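Here is the structure we will look at.
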Amino acid sequence: MKKTTQHNKIITGLDKVKQDILEILEETYQGTSTALNFSTPFELMVATILSAQTNDNQVNKITESLFKKYRTPQQFSTLQPEELEQEIKTCGLYKNKAKNIIAAAKLIQDQFDGQIPQTREELMLLPGVGRKTANVILSNAFGIPAFAVDTHVFRVSARLGLSSGTNPAVTESELTALIPEEKWGDAHHWLIWHGRKICIARKPKCSLCPVNQLCPSNQEYEEAK
DNA sequence: AACTCGGGGCA
DNA sequence: TGCCCAGAGTT
């Protein structure tokens, strides 16, 4: 039983570090979150598909004029790929995205009565919608709790020891268990913001990191310099 | 598990 | 000018 007690103490200590990290991130990045406001779930889906491997700026620049011309699944489903490609050319990967968006619109028309589905399983049937995009739609459009794990969330949470870094789905469940539901939205923004500004993929700026004293990966990056 | 799509941002 | 990137699909 002594072993069990000791084990519990170690787990508690680790959890304390995780909570400290999350608290510092919260203080550091408060007010930096940007709301995802689109008038319909379908528009959010289109914008989220467009944002893959692309700077948000590129998407924000075109969505207003794009949705002024086309808004509904019905309207997108009748587009020719070349028409949509022209509209979204500045977002990168545009041929795939155009094809997927049109196909998704058709599927919503044909199989979902023109309404975008509200379960992850059904959302992931839509071309161009993977687990991350499905979770973005669930949480932002329908208020259904779902932690969207993109590459930033995946990398940063793994480096900080908040997750195992096995794969995005595992990270999703680990963060879901670690962070209180009412803070998922904030935590998501902190991790992404931190990943963009400080904990970047190559040569992370550990000296500027507000949690570098608590981070299990800090030493390794400092030594690598 | 590796490859592909791709223009824009940034060193 | 070259390298990298807020994913998802295919093989």
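The shown structure was predicted, so the numbers you read here are calculated from the model rather than taken from an experiment. Chain letters run A, B, ... following the sequence lines, proteins first, then strands; residues in each count from 1.
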Q) Is the A:His194 to A:Tyr29 ring centre distance short of 6.0 Å? A) yes
Name the atoms and distances for all side-chain donor-acceptor pairs under 3.5 Å in residues 49-58 of chain A, with sequence neighbours left out.
{"residue": "A:Ser51", "atom": "OG", "partner": "A:Thr48", "partner atom": "O", "Å": "2.8"}
{"residue": "A:Thr54", "atom": "OG1", "partner": "A:Ala52", "partner atom": "O", "Å": "2.8"}
{"residue": "A:Thr54", "atom": "OG1", "partner": "A:Cys91", "partner atom": "O", "Å": "2.5"}
{"residue": "A:Thr54", "atom": "OG1", "partner": "A:Lys97", "partner atom": "NZ", "Å": "2.9"}
{"residue": "A:Asn55", "atom": "OD1", "partner": "A:Asn57", "partner atom": "N", "Å": "3.0"}
{"residue": "A:Gln58", "atom": "OE1", "partner": "A:Lys61", "partner atom": "NZ", "Å": "3.2"}
{"residue": "A:Gln58", "atom": "NE2", "partner": "A:Thr90", "partner atom": "O", "Å": "3.1"}

Q: Could you list all the ring pair (Phe, Tyr, Trp, His ring centres under 6.0 Å) pairs where at least one residue sits in residues 36-65 of chain A, not counting sequence neighbours?
A: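 Passing the test, one end in residues 36-65 of chain A: A:Phe42-A:Phe76.
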Could you give the distance separating [M] and [N] at their [atom1] atoms, to the nearest angstrom?
N	M	atom1	value
C:dA8	B:dG9	P	22 Å
B:dG8	C:dG9	C1'	23 Å
B:dC3	C:dC4	P	15 Å
C:dA6	B:dA11	P	15 Å

Q: Specify the separation, in whole Å, of atom CG of A:Leu93 and atom P of B:dG6.
A: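 Computing the A:Leu93:CG to B:dG6:P distance gives 6 Å.
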Q: Find the distance A:Asn100:CG to B:dT4:C1' and express it as a whole number of Å.
A: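 Taking atom C1' of B:dT4 as the reference, CG of A:Asn100 is at 13 Å.
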Protein-nucleic acid N or O pairs under 3.5 Å, nucleotides 8-11 of chain B:
{"residue": "B:dG8", "atom": "O3'", "partner": "A:Gln58", "partner atom": "OE1", "Å": "3.2"}
{"residue": "B:dG9", "atom": "OP1", "partner": "A:Gln58", "partner atom": "OE1", "Å": "3.3"}

Q: Applying ring pair (Phe, Tyr, Trp, His ring centres under 6.0 Å), name anything that partners A:Tyr94, two or more places apart in sequence or on another chain.
A: none
Q: Output all residues satisfying ring pair (Phe, Tyr, Trp, His ring centres under 6.0 Å) with A:His152, sequence neighbours left out; order by chain, then residue number.
A: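 Scan of A:His152 (ring pair (Phe, Tyr, Trp, His ring centres under 6.0 Å), adjacent residues dropped) gives none.
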Please classify the nucleic acid contact of [X] as base, sugar-phosphate, or nothing, using heavy-atom distances under 4.0 Å.
X	result
A:Leu50	nothing
A:Val153	nothing
A:Thr133	sugar-phosphate

**Q.** Polar contact flag, side-chain donor to acceptor under 3.5 angstrom, A:Thr119-A:Glu122
**A.** yes
Q. Any side-chain donor paired with an acceptor under 3.5 Å for A:Glu174 and A:Ser164?
A. yes
Q. Less than 4.0 Å between a side-chain N and a carboxylate O, is that true for A:Arg131 and A:Glu172?
A. yes
Q: Spell out, as yes or no, whether a donor-acceptor pair under 3.5 Å connects the side chain of A:Ser163 to the backbone of A:Ala158.
A: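 Between the backbone of A:Ala158 and the side chain of A:Ser163 there is a qualifying donor-acceptor contact (under 3.5 Å).
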**Q.** Whichever of A:Pro127 and A:His152 has its nearest DNA chain C nucleotide further upstream toward 5'
**A.** A:His152
**Q.** First-last contacting nucleotides on DNA chain C - partner chain A, under 4.0 angstrom, heavy atom
**A.** C:dC4 to C:dG9
